[in-house]
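Just below is one structure, and these are the notes that go with it.
Throughout, residue positions are numbered sequentially from 1 according to the sequence presented. No experiment lies behind these values; they were computed from the predicted model shown.
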Amino acid sequence: MDSTACLRLPFLPARTRPSSSSSSSPRRAARASSIKCCAAASDAGASSASISSASPRRPDVVNGVGPAGVDGLAGPPVPVPDSPAPASRDLHWLPRPLTSADLMGVSGEGLKVAYQGCPGAYSEAAAKKAYPNCQTVPCEHFDTAFKAVENWLADRAVLPLENSLGGSIHRNFDLLLRHRLHIVGEVRLAVRHCLLANPGVKIENLKSAMSHPQALAQCEHTLTEFGIEHREAVDDTAGAAKTVAEQNLPDTGAIASSLAAELYGLNVLAENIQDDKDNVTRFMMLAREPIIPRTDKPFKTSIVFSLEEGPGQLFKALGVFALREINLTKIESRPHKKRPLRITDDSFSTPSKQFDYLFYMDLEASMADPKTQNALGNLKEFATFLRVLGSYPTDDYQGWIERGLSISQRVGKSSIISRLMLI
C-alpha cells in the first residue's frame, strides 16, 4: 500500500453498529485515531504522523490544535496559555527540584567562601566583594582552599590569580590543573597597603617590616625612604599583622590592610605605601560546578592546552582565535610538570632536552557562542591537551551568578556543558 493510503487509514468510515452499542463508538473511534502511520519509503522527505488519544478531541485552534491539512490530518498544536502538559517524553516542562543554591541570594547569603590567609587578608576582602553576605573561611594555604571546596567544607573559593605589579600567582595556575574546580567568576580588588604597628610605636622606631613577599616588593622604595632596611617575609599580610600584635613587637611593623589594623588592634602609621598607586589584584571565584554561560553579557573563557613540538604550532593555535575575531586578554606559559622535558634531535647538534609547556589563555568570549565552540573544536584537532577552566562573566557582571545557573538546576544544556568539561 502506498504512503497516501497509509496516511488516510485512520479516517476510513467506521462499520455500522447496532444502536445498543452506539455509546461505545466514540471510544473505538478514539482507539482507531491512535494508530501511528508512517511513509513506507523512509527517504529524506519522509516523516511520521501520530494522532494521540491521550486527551479527548478538542475544537480547532481554540484549544491548541491547528486546522486540518489537505490530507485530513490535524495540524500541529498551537501554543495556548495554561494548556495541560504535553503528552510526550519531553520532560523539560517539569519543575526542577529546589537546590541549596536557591536559598543563596545574589549577595551570597548562606555561602561559605574559602580564602587563603588570616582574617583581615586582602583575599577575604575580595571574597566579601564577590559575595557581600557570605561566611568567609580562612585557609592556611592555597591548596587548602581548593580542598575545602572539593570536600564540601566550603561552597566557593576566592583566590588571587594575578597582580598588576607582581604578575601571576603561579602556584594557583598549577593548582587549577591539579584540582577539578571551575572558575565561575572574577573580581578585581584595589590593594591599598598600610604600615601598621603597635600602639605607641612610631615610624622612626621601626627597624623591620613584616608581610607577604609580594607586599614587601610592592613597597620596597617606600620602606627604604622610611629607613626600614630589614624585611621579613611571611605567608600573608594579615598573618604579619597578627604576629606583630600577638608578640607586641616594638620595632617591627606590618604591611597589611586597614581592616587588619582594626582586627588586631594596631595603629595605621602610613596609608597607600605601595610604590605604584595603581595596584590591582585579580581574583578568581571557584566552584565545584561550572555555571551556564550566556551571550547577553560580557563573558570570559579560560583554557589551558599543550602543543606538539614544531615550528609555527603556537602561531597556528593563536590563529584559531584570530580567524574568528576572538580577542585574547592573557596568555601564560608554564612548564608541563607531567612532561617537564622533551628530547629533541636535529641535524646540526646532538639530541638535547627542552621544556614542554602548558599555555594558559583567557578569551573575551562565552562558551555559549558557537564561534567559541568552533574555535576550541579546531584547537582540539591538533592540541595534545585541552581543558576549559571556566566560562564566566567579567568583573562588571557578577550579580546574576548565584541565581541558580548551575548544572544541577538547568536541563537542555548538555551540548554547552560537555564543552565546559572539555579535556
Side-chain angles (χ1 to χ4, degrees), residues 100 104 107-163 166 169-176 178-179 181-194 196 198 210-216 218 232-249 252-266 268 279 281-288 398 401-402:
S100 59
M104 305 171 186
S107 62
E109 185 174 358
L111 280 175
K112 291 184 178 180
V113 181
Y115 68 93
Q116 187 274 330
C118 297
Y122 291 107
S123 292
E124 184 184 27
K128 286 290 187 179
K129 182 179 180 182
Y131 306 102
N133 296 325
C134 70
Q135 176 185 347
T136 53
V137 181
C139 300
E140 185 176 5
H141 304 293
F142 291 131
D143 193 33
T144 308
F146 275 86
K147 291 179 179 178
V149 179
E150 285 183 329
N151 296 330
W152 295 78
L153 299 176
D155 303 297
R156 301 286 187 273
V158 175
L159 299 173
L161 200 58
E162 60 181 343
N163 177 264
I169 292 85
H170 295 130
R171 176 62 177 165
N172 284 334
F173 277 93
D174 295 336
L175 290 174
L176 281 171
R178 181 176 299 180
H179 298 272
L181 299 183
H182 304 270
I183 304 177
V184 296
E186 65 174 3
V187 58
R188 291 178 174 84
L189 183 73
V191 177
R192 300 289 181 260
H193 290 309
C194 300
L196 315 179
N198 284 298
M210 179 184 299
S211 192
H212 186 274
Q214 281 208 8
L216 293 172
Q218 293 166 10
E232 186 175 349
V234 293
D235 289 338
D236 67 284
T237 57
K242 182 179 179 181
T243 300
V244 170
E246 287 181 344
Q247 299 182 13
N248 196 25
L249 300 177
T252 301
I255 298 176
S257 65
S258 57
L259 175 60
E262 297 177 9
L263 291 177
Y264 301 108
L266 301 178
V268 178
N279 185 9
T281 299
R282 184 168 74 99
F283 293 80
M284 58 181 173
M285 300 147 66
L286 299 171
R288 289 179 292 272
Q398 296 298 327
I401 289 181
E402 296 302 332

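To the nearest 0.5 Å, the span separating NZ on K242 from OG1 on T237 amounts to 13.0 Å. Annotation: the span from F142 atom CZ to D174 atom CG amounts to 12.0 Å, rounded to 0.5 Å. A distance of 11.0 Å separates CG in L196 from OH in Y264, rounded to the nearest 0.5 Å. One distance of note links NE2 of H179 with CG of L181; it measures 7.5 Å at 0.5 Å rounding. For the atom pair CG (D143) and CG (N172), the distance works out to 9.5 Å, reported to the nearest 0.5 Å.
Across A241 and L266, no two heavy atoms sit closer than the pair O-CD1, 3.5 Å. Annotation for A157 and A145: closest pair CB-O, 4.1 Å, computed over non-hydrogen atoms. Nearest heavy-atom pair across V184 and A287 is CG1-CB, 3.8 Å. For the pair S258 and C194, the tightest heavy-atom approach, listed with the atom from each and the gap, is N-SG, 4.0 Å.
Legend: residues meeting side-chain hydrogen bond (donor to acceptor under 3.5 Å, both in side chains) with T243, ordered by chain and number and at least two apart, are absent.
Taking 4.5 Å as the limit, some side-chain heavy atom of T281 sits within range of a side-chain heavy atom of F283. Side-chain contact check for M210 versus L216: every heavy-atom pair is 4.5 Å or farther apart. With a 4.5 Å cut-off on side-chain heavy atoms, V137 and Y115 do not count as touching. When side chains are defined from C-beta on, R178 does not count as touching F146, because their heavy atoms never get closer than 4.5 Å. Taking 4.5 Å as the limit, some side-chain heavy atom of V244 sits within range of a side-chain heavy atom of N198. Put simply, the side chain of R288 reaches to within 4.5 Å of the side chain of D155, judged on heavy atoms. Put simply, the side chain of E186 does not reach to within 4.5 Å of the side chain of M285, judged on heavy atoms. In this structure, L286 and I183 have side chains that are in contact, with non-hydrogen atoms separated by less than 4.5 Å.
Formation of a donor-acceptor pair under 3.5 Å by the K128 side chain with backbone atoms of N133 is not found in this model. N151 places no side-chain N or O within donor-acceptor distance of the main-chain N or O of L153, the cut-off being under 3.5 Å. A donor-acceptor contact shorter than 3.5 Å links the side chain of H212 to the backbone of Q214.
The local environment of NZ in K129 is crowded, with over 12 non-hydrogen atoms from other residues, nucleotides or ligands closer than 6.0 Å.
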With a 3.5 Å cut-off and sequence neighbours excluded, list the donor-acceptor pairs that the side chains of residues 116-126 form with protein atoms.
from	atom 1	to	atom 2	distance (Å)
Q116	NE2	E140	O	3.3
Y122	OH	R192	O	3.1
Y122	OH	H193	ND1	3.1
Y122	OH	A256	O	3.4
E124	OE1	G120	N	2.6
E124	OE2	T136	OG1	3.0

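With E162 as the fixed residue, the salt bridge (Lys or Arg N to Asp or Glu O under 4.0 Å) test singles out one of R171, R282, R188: R282.
Counting only N and O atoms by type, the side chains of H141 and D235 include no donor and acceptor under 3.5 Å apart.
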